[in-house]
Amino acid sequence: MTPGSPLLFGYGTNGLADLRLDDALALLADLGYDGVGLTLDHMHLDPLAPGLAERTRRVARRLDALGLQVTVETGARYVLDPRRKHGPSLLDPDPRDRDRRTGLLLRAVQVAAELGAHAVHCFSGVLPAGTDEDTAWKRLADALGPVLDAAASAGVPLAVEPEPGHLLATLADFHRLRRTLGDPGALGLTLDIGHCLCLEPLSPADCIRDAAPWLRHVQIEDMRRGVHEHLPFGEGELDVPPVLAALAAAGYRGLTVVELPRHSHAGPHQAAVSLPFLRRAAETAPGGVSSVRPDQRAASGAVHRKAEEGVDAERRGPTTTRRGAVPGAGSPA
């Protein structure tokens, strides 16, 4: 990774749940985003519905036509169980339930490989009632084994997210998992910057510096210390410019994705105001941070033309062009 590379901003489809996927992608391209955090859910590339392979190829063509990069996220609330939020998890007592979550992650790896995604995001889940922590950690490591094997074969990193309230909640927990698994090359980190502010002992910028060698995916939103609530920028306590400076200094080249999963009712508006906020923050970051690639400066106004080309290409049914995954900071080239 090269320090000073332009940051790439995206927006999560879990914050655009009221839009059709094609409409959401077109919106983000029109607004000038570099990419998208694509949450596999019943309304957006349903991972359990028939015809996943062909539907994935269509999405790949659409992303290419719009010039959008992608990371695949697996945080849909009820995609596996209509009654349990984020259930079943990798920690469930019933091995059949754990296998269902592992199966979803294996599908996500396949989708990510077809899309040329930067990474596949996942999380541990909440410690089940009546389960001790040592047992839960063993279940987590065992369940992730086949997913890491598939990710390594596909060349797509598996980026685990520390999630407040989950077994794996902090950066220290991520390192515990990494050591337990023997530090596999396919294992990386999803770092949610708001979560750092919420509960980590270090500042968000220091969290980035410490996590840089394993950083494969970044989510960002505003938040307050001690309160796990994803907020639009300006409504919390996050000092964004130092965060962007730290990402740039680390040479991070994945997507930095706005994560507002409870704001779909105002998703298009939040997407429209978040990108200018981030670009202003980049301009005022210590040392200055570039957030616009040279090809974007030269291609102003080309988004609609590319979108139309994508529609025509879908009608002709061309062969999908796989965009290579970009490794995160500190990974081998």
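A quick note: this is a predicted structure, and the numbers were derived from the prediction, not measured.
- Under a cut-off of 6.0 angstrom, the local environment of CZ in R20 is sparse, with at most 12 non-hydrogen atoms contributed by other residues, nucleotides or ligands.
- Summarising the local packing, CZ of R96 is surrounded by 12 or fewer heavy atoms from other residues, nucleotides or ligands at distances under 6.0 Å.
- L38 has its side chain within reach of L115: a pair of non-hydrogen atoms, C-beta onward, lies under 4.5 Å apart.
- Distance alone, capped at 3.5 Å, is enough to place a donor-acceptor pair between the D46 side chain and the L48 backbone.
- Between L191 and I208, the closest side-chain pair of non-hydrogen atoms falls below 4.5 Å.
- Remark: R176 pairs with D134 by the salt bridge (Lys or Arg N to Asp or Glu O under 4.0 Å) rule, at least two apart or across chains.
- Ion pair E283/R280 not flagged as a salt bridge, since none of the NZ, NE, NH1 or NH2 atoms sits closer than 4.0 Å to an Asp/Glu carboxylate oxygen.
- To the nearest 0.5 Å, atoms NE2 (H195) and CD (E200) are separated by 10.5 Å.
- We find the CD1-CG distance between I220 and L244 to be 5.5 Å, quoted to the nearest 0.5 Å.
- Salt-bridge annotation for R178 and D183: present, with a side-chain N of the basic residue lying under 4.0 Å from a carboxylate O of the acidic one.
- Atom CG of residue D210 and atom CG of residue L171 lie 7.5 Å apart, to the nearest 0.5 angstrom.
- Here the CG atom belonging to L275 is positioned 9.5 Å from the CG atom belonging to L28, to the nearest 0.5 angstrom.
- Between the side chains of T102 and D99, no donor-acceptor pair is found at a separation under 3.5 Å.
- A donor-acceptor contact shorter than 3.5 Å is absent between the side chain of R224 and the backbone of E237.
- R101 places a side-chain N or O within 3.5 Å of a backbone atom of H86 that can act as its donor or acceptor partner.
- Separation of atoms OG (S124) and CH2 (W137) is listed at 6.5 Å; rounding is to 0.5 Å.
- Of the listed residues (E259, R262, E221), just one forms a side-chain hydrogen bond (donor to acceptor under 3.5 Å, both in side chains) with H230, and that residue is E221.
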| task | Apply side-chain contact (heavy atoms from CB on, under 4.5 Å) to the pair I193 and T256, showing each step before the final yes or no. | result | CA-CA 10 Å; I193 303 302; T256 299; 5.9 Å; no
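- Contact annotation: the side chain of V240 approaches that of F277 to within less than 4.5 Å [non-hydrogen atoms, C-beta and beyond].
- A salt bridge links R61 with E54: the closest approach of a Lys/Arg side-chain nitrogen to an acidic carboxylate oxygen falls below 4.0 angstrom.
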